[in-house]
Amino acid sequence: MRLTLSVIKADVGSVGGHTKPSTRMIAAVEGEVAKAICNGLLIDGFICHTGDDIAIIMTHTRGEGSSEVHQLAWKAFLAATSVAKTSGLYGAGQDLLADAPSGNIRGAGPGVAELSFDHSLSGARPAESFMVFAADKCGPGAYNLPLYLAFADPMYCAGLMLPPMIKGFRFHVIDMDNTAGDSLLELDAPADSYHIAALLRDNERFGIDRIISRTHGEAVVAVSAQRLHAIAGKYTGKDDPVAIVRNQGIFPAPEEIISPFAKAHFVGGDARGSHVMPLMPVPLNTSVTGMYCLPIVSCVGFSIDKEGRFAESYTDFFDNPAWDEVRRRAQRKAIEMRSQGWSGAAMLPYSELEYGGFRDTVSGLLKRFRLRDERKPEAAE
């Protein structure tokens with residue numbers, strides 16, 4: 001069958017500030033998803049949160065961009081928003097930027113990543129496994145470096161030197177500043193590796209939208225590369241991206257995909273979406289309660305049975321003592337960067353300061369600047 005993986009996430013309210021959704025909010029989303037499974041819209045579903053973002057992970061046969069599946073997610077987030085409003089929680093409905101989209105909700109606020117493939121558990125894919133990354137307090141460009149290293153650099157992914165992957169992967173790079181529509185460029189690794197790097201170094205403008213196997217023509221990665229400020233025209237929160245990554249066999253193995261996250265690399269985000277801070281890998285359902293509102297990322301893995309259901313349980317990749325040292329490194333890097341306060345590289349450039357107040361403050365000051373009078377004073381008699 002033609003199976004679709006859909007991951008749709010949104011921040012629709014949180015407890016005590018932008019920390020985590022409430023238990024009742026999660027239950028409201030789970031209730032809507034359970035009904036969709038019972039009535040046959042979905043094959044399976046899984047709910048989790050990273051920071052204050054709720055993610056709905058689904059399997060179905062309706063295809064990418066299905067209005068029915070997207071409307072289900074919208075309805076579920078509205079139910080959670082209602083709970084948040086009743087409970088007086090922070091940011092209720094924050095990511096729901098449209099009043100009532102009639103179909104596909106991509107571009108209406110929630111982050112959307114989807115992949116479709118022929119699911120038969122035979123041929124090149126005798127087993128189907130995948131991972132979902134979910135990040136909070138950062139933008140879609142947060143995945144640029146780790147995905148590049150996992151799919152284009154054999155120093156991180158030795159599997160790239162094996163016959164199933166030796167032809168490399170095709171990167172679909174999106175210009176996230178283009179608000180007229182999805183502006184995409186397809187580049188092949190390894191042939192175009194330097195060109196890919198030249199674009200992906202700019203996390204705020206260019207992002208990975210999709211990665212395709214050049215050997216098998218199979219989609220392996222999909223990222224929710226949408227910028228909320230480009231949609232809303234103002235800061236409403238960071239974009240907090242999700243990514244679907246298929247793994248094993250003809251694709252990189254899980255350890256090759258997650259190893260670049262050990263860098264705890266610097267990304268734009270943090271408090272008010274305005275700082276440059278390290279991305280810290282965390283277990284599922286982690287609250288944002290540490291110092292500095294550190295950007296965080298979780299990773300959950302599944303196998304899919306022949307009916308399209310999630311087999312057995314799930315794997316929480318970053319819930320392992322091996323990642324404790326990375327988390328400590330991320331904290332040390334964060335403390336050092338934030339010790340620089342507002343100066344220079346510690347904050348995003350003015351063009352990327354997404355919190356409206358910063359722009360308003362500087363815009364008001366710019367109006368007060370005057371050209372220096374270069375006329376020489378008359379000599380004293």
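Residue numbers start at 1 and run along the sequence shown. These numbers come from a predicted model, not from an experiment. Side-chain atoms are counted along with the backbone in the values below, which use heavy atoms only and exclude waters and symmetry mates.
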Asker: Would you say that Leu160 contacts Phe169 through its side chain, given a criterion of any heavy-atom pair below 4.5 Å between the two side chains?
Answerer: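 When only atoms from C-beta onward are counted, Phe169 and Leu160 do touch, with a gap below 4.5 Å.
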Asker: Salt bridge between Arg106 and Asp209, side-chain N to carboxylate O under 4.0 Å?
Answerer: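 Counted as a salt bridge, because a side-chain N and a carboxylate O are separated by less than 4.0 Å.
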Asker: Thinking salt bridges, do Arg329 and Asp324 make one under a 4.0 Å N-O criterion?
Answerer: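 Between Asp324 and Arg329 there is no salt bridge, as every charged N stays at least 4.0 Å from the carboxylate O atoms.
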Asker: Membership question, hydrophobic clusters at under 4.5 Å side-chain separation (ILVMFWY): are Phe317 and Val220 in the same one?
Answerer: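 Yes, it is one cluster - the side chains of Val220 and Phe317 are joined through contacts under 4.5 Å.
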Asker: Taking C-beta and beyond as the side chain, do Leu365 and Lys367 meet within less than 4.5 Å on heavy atoms?
Answerer: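 Side-chain contact under 4.5 Å: no.
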Asker: When rounded to the nearest 0.5 angstrom, what distance separates CG in Asp44 from CZ in Phe310?
Answerer: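 Between atom CG of Asp44 and atom CZ of Phe310 there are 5.0 Å.
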Asker: Is it true that Asp52 and Lys137 have a side-chain N and a carboxylate O under 4.0 angstrom from each other?
Answerer: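 Between Lys137 and Asp52 there is a salt bridge, with a charged N closer than 4.0 Å to a carboxylate O.
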Asker: Count I, L, V, M, F, W, Y as connected when their side-chain heavy atoms are under 4.5 Å apart, and connections chain through other members. Are Met176 and Val242 then in the same cluster?
Answerer: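 Different clusters.
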Asker: Side chains of Phe117 and Leu5: closer than 4.5 Å at any heavy-atom pair?
Answerer: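 Yes, their side chains come closer than 4.5 Å.
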Asker: If you measure from the Lys or Arg side-chain nitrogens to the Asp or Glu carboxylate oxygens, is any gap between Lys9 and Asp95 under 4.0 Å?
Answerer: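 Answer for the salt bridge query: yes.
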Asker: Would you kindly confirm whether Leu279 and Ile208 end up in one hydrophobic cluster when ILVMFWY residues are joined by side chain heavy atoms under 4.5 Å apart?
Answerer: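 They do share one cluster, since a chain of ILVMFWY contacts under 4.5 Å joins Leu279 to Ile208.
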Asker: Does the Ser193 side chain pair with the main chain of Ala189, one donor and one acceptor, at a distance under 3.5 Å?
Answerer: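 Looks like no, no N/O pair under 3.5 Å.
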Asker: Which atom names give the shortest non-hydrogen contact between Cys138 and Val267, and what distance separates them?
Answerer: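 Result for this residue pair: CB-CG2, 3.9 Å.
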Asker: Could you pull out the closest heavy-atom pair between Pro164 and Thr215, with the gap in Å?
Answerer: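 Between these two residues, the closest heavy atoms are O-OG1, 3.3 Å.
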Asker: Can you see which heavy atom on Ala158 is nearest to which on Glu256, and at what distance?
Answerer: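 Smallest interatomic distance, heavy atoms only, reads N-OE2, 3.4 Å.
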Asker: If hydrophobic clusters are built by linking Ile, Leu, Val, Met, Phe, Trp and Tyr wherever their side-chain heavy atoms come under 4.5 Å apart, do Met58 and Leu78 end up in the same one?
Answerer: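 In one cluster: yes.
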Asker: Find out if a path of hydrophobic residues (ILVMFWY) with successive side-chain heavy-atom gaps under 4.5 Å connects Leu3 to Ile8.
Answerer: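 Cluster IDs for Leu3 and Ile8 differ.
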Asker: Would you say that Ile211 contacts His172 through its side chain, given a criterion of any heavy-atom pair below 4.5 Å between the two side chains?
Answerer: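 Not touching, per the 4.5 Å side-chain cut-off.
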Asker: Is any side-chain N of the basic residue among Arg210 and Glu64 closer than 4.0 Å to the acidic one's carboxylate O?
Answerer: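 Looking at Arg210 and Glu64, the cut-off is met.
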Asker: Do Thr50 and Val297 have side-chain heavy atoms sitting under 4.5 Å apart?
Answerer: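 In short, these two side chains do not touch, never coming nearer than 4.5 Å.
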Asker: Check the pair Ser66 / His60 against side chain to side chain donor-acceptor pair (under 3.5 Å), numbers first and verdict last.
Answerer: CA-CA 10 Å; Ser66 164; His60 57 91; 5.5 Å; no
Asker: So which atom in Gly249 and which in Met165 form the shortest heavy-atom distance, rounded to 0.1 Å?
Answerer: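 That closest heavy-atom pairing would be O-CE, 4.2 Å.
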Asker: Indicate whether the side chain of Ser122 and that of Ser120 have a donor and an acceptor atom separated by less than 3.5 Å.
Answerer: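 Present: a donor and an acceptor within the cut-off.
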Asker: Do NZ/NE/NH1/NH2 and the carboxylate oxygens of Arg327 and Glu325 come within less than 4.0 Å?
Answerer: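 Salt bridge between Arg327 and Glu325, a charged N being under 4.0 Å from a carboxylate O: no.
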Asker: Could you state the interatomic distance from CD1 (Ile54) to NZ (Lys20), rounded to the nearest 0.5 Å?
Answerer: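 Atom-to-atom, Ile54:CD1 and Lys20:NZ are 12.0 Å apart.
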Asker: Look at the rings of Phe302 and Phe46 and say which category their plane angle falls in: under 30° parallel, 30 to 60° tilted, over 60° perpendicular.
Answerer: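 Ring orientation of Phe302 relative to Phe46: perpendicular.
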Asker: If you define the side chain from C-beta out and look only at heavy atoms, does anything of Val245 sit under 4.5 Å from Leu147?
Answerer: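 Yes, side chains in contact.
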Asker: Using the six-membered ring wherever Trp is involved, compare the ring planes of Trp323 and Phe318 and label them parallel, tilted or perpendicular (cut-offs 30° and 60°).
Answerer: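 The rings of Trp323 and Phe318 stand perpendicular, inter-plane angle above 60°.
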Asker: Could you tell me whether Arg125 and Glu218 have a side-chain N and a carboxylate O separated by less than 4.0 Å?
Answerer: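 No salt bridge links Arg125 with Glu218.
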Asker: Hey, what's the ring geometry for Phe171 with Tyr148, parallel, tilted or perpendicular (30° and 60° as the breaks)?
Answerer: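 Plane angle between 30° and 60°, so tilted.
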Asker: Are any non-hydrogen side-chain atoms of Ser298 and Phe133 less than 4.5 angstrom apart?
Answerer: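 A side-chain contact under 4.5 Å is absent here.
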Asker: Start with the C-alpha gap between Arg24 and Ser87, add the side-chain angles, then the distance that decides, and say whether side chain to side chain donor-acceptor pair (under 3.5 Å) holds.
Answerer: CA-CA 10 Å; Arg24 288 179 56 221; Ser87 303; 3.1 Å; yes
Asker: Check whether any side-chain heavy atom of Gln94 sits under 4.5 Å from a side-chain heavy atom of Val12, and report yes or no.
Answerer: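 Of all side-chain heavy-atom pairs linking Val12 with Gln94, none is under 4.5 Å.
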